[in-house]
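A short write-up of the structure that comes next.
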Amino acid sequence: MKYVLDHTGKPYAKLFEDISAIPRGSFQEEKIADFVCSFAKDLGLSYTRDEANNIVVRKPATPGYEDHEVVMLQGHMDMIWNKRPGSTFDFETEGIKLMVTDDGYLMAEETTCGSDDGVAVAYMLAILQDKTLAHPELECVFTTAEEPGLYGVQKFDCSQLKARKYVSMDGNLEGTSLLVAAGGANGRVTKRFQRQPQNAAQLTIRVHGLTGAHIQFQERQLANAIKTAARILYYIHKEVPFRLISLDGGSQTTIPVDCTANIALAAGDLEKAKAIAQQVIGEVKFEHKESDPNMLLTFSDEPQAAPAIPEEITERIITLLHLLPCGLIDTSLVFPGLPISSCTIETIETREDAITWFYRPASAITSKLMDMDECSRVLANLFDVEYEVENYFYGHNVDAGTPFYNVFDEVWFEQNGEHIRPIGAHYGNEIGFFLRNMPWLDMILLVATHYQAHTPDEKLDLASFDRCYRCLVEILRRV
């Protein structure tokens, strides 16, 4: 493979490039798990691997640290596979093609670069192999399927761990420690049907060009392409009879930027339907003129429609999609502007016999999350669709100023001249799982700065990559 980073004195940099050559999408972590286990075996370190490919690698304390409390380092192995429109890149067979920008960032040529959470994996591997470091006994925990909704860690057995201190390395901004994060319900909404032949024209409506972002950024109040398409269909249906053929779009953990609907309708109604769609998109563009200035609406039509979903089911689907809350619900009174609760339709897919969408109520307040989940269930029942929660994950609320936090703050200030900033964030995080099962843990979040996670514009600040590793090594020396 072709290396692009300077590895001099930076073993973590080489290791990041090594793991970037290994396909490691969510639920497809077998190869990266094999790599980590082989890495540990070659170093003579003990490890465990469970059925979900979660791995714990243990490194003994260095001389003089035998009586210190055990420290857990933790991050996830999977990454979001997302690429630019038109790219032929194959994530399942090709390694990520990394490049360094002129302003000091690491990116990939056409895809996500995997800084989320490849930084954590590289850091842990580097610490495991470095025999010059001073540290207590370490438990390096590599988890799986975090990105779609913390699926892998749900199968992890915390009873095997001895740690009393915990360094999470899944975030996006250096010099911060995460005190508040959201939990969520990973919901799947499904309606089954039998298609019917149509003697009608087919209209394709595509909403695209939206800004998009990780679902944590609900305070930006970005437009959602799936909700926008559903709104268009709802208002067309009020005036023009049609049947839904398909509705597809979105990307998991990302506010959708593209959605395409196909409908069957009378040829004489094509222009009226287009006019209604243009009116609705104009309203949405005005509502989001600051957040989504490049929103587009395009059409195509054909004289003969494909078999379509029955009329009654079409109406239920469109009305429910239009009614379901989506976007920011409320914000924090402690961290101004921080989303506390939100709902997101992330993906929608139409198959031959069913339409299904991924719906995620989220909140940092567990009671609020469970009530939002119950409201979703009630709406689904009213519209006679299936609503199944694949799993729940829970947020966390912790205090600044703990002994471990103070060590972190002390080291960061000495190295960088700034104190650690406590923050909150609106994303799911494995911290909540570990603190729920190991409430005695003293936790910090230590991450290198990266931007635009889960998009092809993802980029890792290489100077931050260096700074945060130096900080981590010194923290381990002092505890």
Side-chain angles (χ1 to χ4, degrees), residues 116 146-150 153-154 168 170-173 175-187 211-224 226-227 252-256 287-288 290-292 323-346 358-379 387 389-402 405 420-436 439 441 443-445 447 451 453-454:
D116 180 10
E146 187 274 346
E147 296 292 10
L150 286 73
V153 77
Q154 303 287 338
S168 171
D170 185 15
N172 59 6
L173 189 62
T176 64
S177 194
L178 187 66
L179 302 188
V180 179
N186 295 326
T211 301
H214 190 290
I215 57 170
Q216 74 183 86
F217 296 114
Q218 295 290 348
E219 77 278 7
R220 298 179 185 177
Q221 300 188 55
L222 299 169
N224 180 310
I226 296 171
K227 279 291 287 186
Q252 207 156 16
T253 75
T254 306
I255 298 172
E287 294 162 10
H288 291 275
E290 301 298 330
S291 66
D292 293 85
L323 281 176
L324 277 174
C326 188
L328 182 64
I329 303 295
D330 53 33
T331 59
S332 173
L333 298 178
V334 178
F335 296 97
L338 172 69
I340 289 294
S341 308
S342 72
C343 295
T344 311
I345 301 175
E346 296 178 22
F358 187 87
Y359 186 64
R360 196 197 309 259
S363 181
I365 303 169
T366 300
S367 59
K368 184 71 175 281
L369 165 63
M370 301 313 293
D371 185 57
M372 293 161 64
D373 173 54
E374 179 64 17
C375 290
S376 304
R377 195 177 309 280
V378 169
L379 275 172
Y387 176 73
V389 174
E390 297 174 343
N391 75 306
Y392 296 94
F393 58 94
Y394 299 94
H396 73 271
N397 291 269
V398 297
D399 295 325
T402 64
Y405 181 98
I420 295 299
R421 292 182 291 114
I423 62 168
H426 192 61
Y427 53 73
N429 192 296
E430 289 162 322
I431 293 171
F433 172 85
F434 288 105
L435 292 183
R436 193 176 182 87
L441 286 172
M443 185 278 299
I444 63 171
L445 177 80
V447 294
Y451 300 104
H454 300 187

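Quick note: numbers below take in every heavy atom, side chains included, and nothing from hydrogens, waters or symmetry partners. Quantities reported herein were computed from a predicted structural model and do not represent experimental measurements. Nothing fancy with the numbering, it's 1 onward along the sequence.
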Tell me, with the steps shown, if Asp371 and Cys375 meet side-chain contact (heavy atoms from CB on, under 4.5 Å). CA-CA 6 Å; Asp371 185 57; Cys375 290; 4.2 Å; yes
Met443 and Leu435, any side-chain heavy atoms less than 4.5 Å apart: yes
Ile340 and Lys368, any side-chain heavy atoms less than 4.5 Å apart: no
Output yes when a side-chain donor or acceptor of His396 lies under 3.5 Å from a complementary backbone atom of Phe434, and no otherwise. no
Note, Thr253 side chain near Gln216 side chain (heavy atom, < 4.5 Å): no
Closest approach of Tyr405 and Ser177, non-hydrogen atoms and distance? CE1-CB, 3.8 Å
Cation-aromatic face contact Arg436/Phe433, 6.0 Å, 45 degrees: no
Between Cys343 and Leu324, is there a side-chain heavy-atom distance shorter than 4.5 Å? no
If we only count heavy atoms from C-beta on, is the Tyr387 to Asp373 side-chain gap below 4.5 Å? yes
Test item: side-chain donor near acceptor, Tyr427 and Asp170, under 3.5 Å: no
Side chain Thr211, main chain Ser291, donor-acceptor under 3.5 Å: yes
Between Tyr392 and Tyr394, how do the two ring planes meet: parallel, tilted or perpendicular, split at 30° and 60°? parallel
Quick one: does Asn186's side chain have a donor or acceptor within less than 3.5 Å of a partner on Glu390's backbone? no
Set of residues satisfying side-chain contact (heavy atoms from CB on, under 4.5 Å) with respect to Asn397, sequence neighbours excluded: Val180
Do Ser168 and Asn429 come within less than 4.5 Å of each other through their side chains, counting heavy atoms only? yes
Quick one: are Arg360 and Glu346 in side-chain contact, heavy atoms under 4.5 Å? yes
With no hydrogens and no angle check, do the side chains of Thr344 and Gln218 hold a donor and an acceptor under 3.5 Å apart? yes
Please give me the minimum heavy-atom distance between Leu178 and Ile431, naming the atom from each residue. CD2-CD1, 4.2 Å
Just by distance, do the side chain of Asp330 and the backbone of Ser341 share a donor-acceptor pair under 3.5 Å? yes
With Pro256, which residues qualify under side-chain contact (heavy atoms from CB on, under 4.5 Å), at least two apart? Asn224, Ala225, Ile226
Side-chain donor-acceptor contact under 3.5 Å, His454 with Glu147: yes
